[in-house]
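Just below is one structure, and these are the notes that go with it.
Chain letters run A, B, ... following the sequence lines, proteins first, then strands; residues in each count from 1. What you see is a predicted model, and the numbers here were worked out from it, not measured in a lab.
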Number of protein chains: 2
Amino acid sequence: MTTSGTHHHHVHAPNRFIHEVEATCERRGLRLTPLRRRVLELIAADERPVKAYDLLDRLRQETGKSAPPTIYRALDFLLEHGFIHKLESINSYTGCHHPSERHSPPFFICKQCGHATEFCNSEVAELVLRHAHELGFAAQEQTLEVHGICARCRRG
Amino acid sequence: MTTSGTHHHHVHAPNRFIHEVEATCERRGLRLTPLRRRVLELIAADERPVKAYDLLDRLRQETGKSAPPTIYRALDFLLEHGFIHKLESINSYTGCHHPSERHSPPFFICKQCGHATEFCNSEVAELVLRHAHELGFAAQEQTLEVHGICARCRRG
DNA sequence: GAGCAAAACGGGTACGGAATGTCATGAGGG
DNA sequence: CCCTCATGACATTCCGTACCCGTTTTGCTC
């Protein structure tokens with residue numbers, strides 16, 4: 001299976017990403033309200049995973065004041081529909097590269113630069129499902145996060 | 001809720017588990033102090049993953065009062081040496097089945113009964129390492145947690 | 001051994017970050 | 001118009017760490 005090339009096509013074009021989400025919402029009859037859209041933009045604008053309270057701060061800079069539930073409700077919506085991922089091990093959120101399809105890809109998180117790479121390959125997920133099946137376990141969601149040093153940081 | 005008889009090959013014998021850790025500490029010249037030992041016992045005594053503040057409460061019941069740093073310091077020690085695992089997605093801690101060897105096994109966490117099964121098979125970890133290698137990523141730690149319904153809960 | 005400095009351990013306070021509960025208001029879509 | 005959903009705002013809980021300080025353990029020297 002060729003995986004070359006696929007992993008690095010980051011969401012370089014935030015606008016394109018937003019539009020894709022917009023279209024998906026339209027198709028599914030979801031309401032991408034101004035707030036939800038704004039939060040999504042903030043997430044997409046950042047190359048690395050963002051923390052909820054950072055988003056909150058940025059929102060406050062724009063809109064005066066905001067409280068945690070505001071941001072968490074938006075995050076919940078975006079998570080629920082697969083437009084973003086939550087990285088449990090670092091309490092951070094990042095845009096999803098394939099918002100159209102449901103998946104739980106592995107993430108490779110660099111300790112040094114903080115970037116997280118979504119690895120677009122379902123082999124691991126499938127292997128995990130096989131193992132779950134052996135156990136008679138009905139798998140629903142999965143979290144796979146690897147910490148280490150990314151290629152760029154290693155090269156210095 | 002029936003927690004009867006035999007669940008998998010869990011750490012059925014907490015004492016045995018404690019002894020194994022004791023021996024490992026001896027071998028490595030680590031200090032399993034009374035506090036650390038007590039925390040380990042509390043974790044081992046619970047069939048399912050425990051939260052830090054629950055441990056804190058139990059400790060308080062025994063010793064009068066305790067503060068968060070007390071428990072977190074003990075947890076840090078136990079984590080650092082691989083005697084327990086942290087489940088990032090549920091902020092909980094659970095005993096490690098193979099405290100002698102370093103590993104980051106997949107966990108299958110039941111949403112219904114809260115049990116977490118450590119899956120003793122390195123295939124996934126190895127596959128992940130291969131993928132990391134493709135990316136030029138130097139993997140250090142990994143977290144793999146699957147949420148769903150366990151076999152027992154499915155059967156009712 | 002005795003003495004001593006350095007490190008490790010743990011009690012405790014206080015705080016920052018993460019997330020949820022609840023009540024009330026407001027915008028949108030039938 | 002009414003009902004639903006979205007947001008605002010307040011409070012609270014949960015998770016985790018920084019820091020201070022006294023005590024114990026360790027490792028070293030003599």
**Prompt:** What are the two closest non-hydrogen atoms of B:I109 and B:S89, and how far apart are they?
**Reply:**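 Nearest heavy atoms, B:I109 then B:S89: CD1-OG, 4.0 Å.
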Return the value, rounded to whole Å, for the distance between atom [atom1] of [X] and atom [atom2] of [N].
X	N	atom1	atom2	answer
B:E80	C:dC9	CD	C1'	14 Å
B:R38	C:dG11	CZ	P	14 Å
B:I90	C:dA19	CD1	P	15 Å
B:L75	C:dC9	CG	C1'	15 Å
A:L32	D:dC5	CG	P	18 Å
B:L56	C:dT13	CG	P	13 Å
A:L87	C:dA19	CG	P	12 Å
A:Y53	D:dC15	OH	C1'	11 Å

Heavy-atom distance under 4.5 Å between the side chains of [X] and [Y], does that happen here?
X	Y	value
A:H133	A:R130	no
B:L75	B:L55	yes
B:V50	B:Y93	no

**Upstream residue (5' side of DNA chain C) when B:A67 and B:T33 are each assigned their closest nucleotide** =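 Looking at DNA chain C, the more 5' nearest nucleotide goes with B:T33.
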Could you tell me whether the phosphate oxygens of [N], OP1 or OP2, come under 4.0 Å of any side-chain nitrogen or oxygen in [X]?
X	N	result
B:K65	C:dG11	no
B:Y93	D:dG16	yes
A:N91	C:dG17	no
A:K86	C:dA19	yes
A:T70	D:dG8	yes

**Message:** Go nucleotide by nucleotide along DNA chain D from the 5' end; which of B:D54 and A:S66 gets its closest nucleotide reached first?
**Reply:**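 Looking at DNA chain D, the more 5' nearest nucleotide goes with A:S66.
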**Message:** For A:H103 together with A:H85, are the ring centres under 6.0 Å from each other?
**Reply:**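 Yes, the ring of A:H85 comes within the 6.0 Å limit of the ring of A:H103, centre to centre.
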Is it the case that [N] (base atoms only) and [X] (side chain only) share a donor and an acceptor within less than 3.5 Å, ignoring hydrogens and angles?
X	N	answer
B:R73	C:dG11	yes
B:R36	C:dG10	no
B:Y72	C:dG10	no

**Message:** As a test of reading the structure: which of D:dA18, D:dG16, D:dC5 is closest to the side chain of B:P68, going by heavy atoms?
**Reply:**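 Ranking D:dA18, D:dG16, D:dC5 by closest atom to the B:P68 side chain puts D:dG16 first.
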**Prompt:** Between D:dG16, C:dA18, C:dG28, which one does the side chain of A:K51 approach most closely?
**Reply:**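 For the A:K51 side chain, the nearest candidate turns out to be C:dA18.
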**A:F77 and A:F83 aromatic ring geometry - parallel, tilted or perpendicular at 30°/60° bounds** =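 Tilted: the ring planes of A:F83 and A:F77 meet at 30° to 60°.
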**Request:** Using a 4.0 Å heavy-atom cut-off across all strands, classify B:F77 as base, sugar-phosphate, or nothing.
**Result:**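 No contact.
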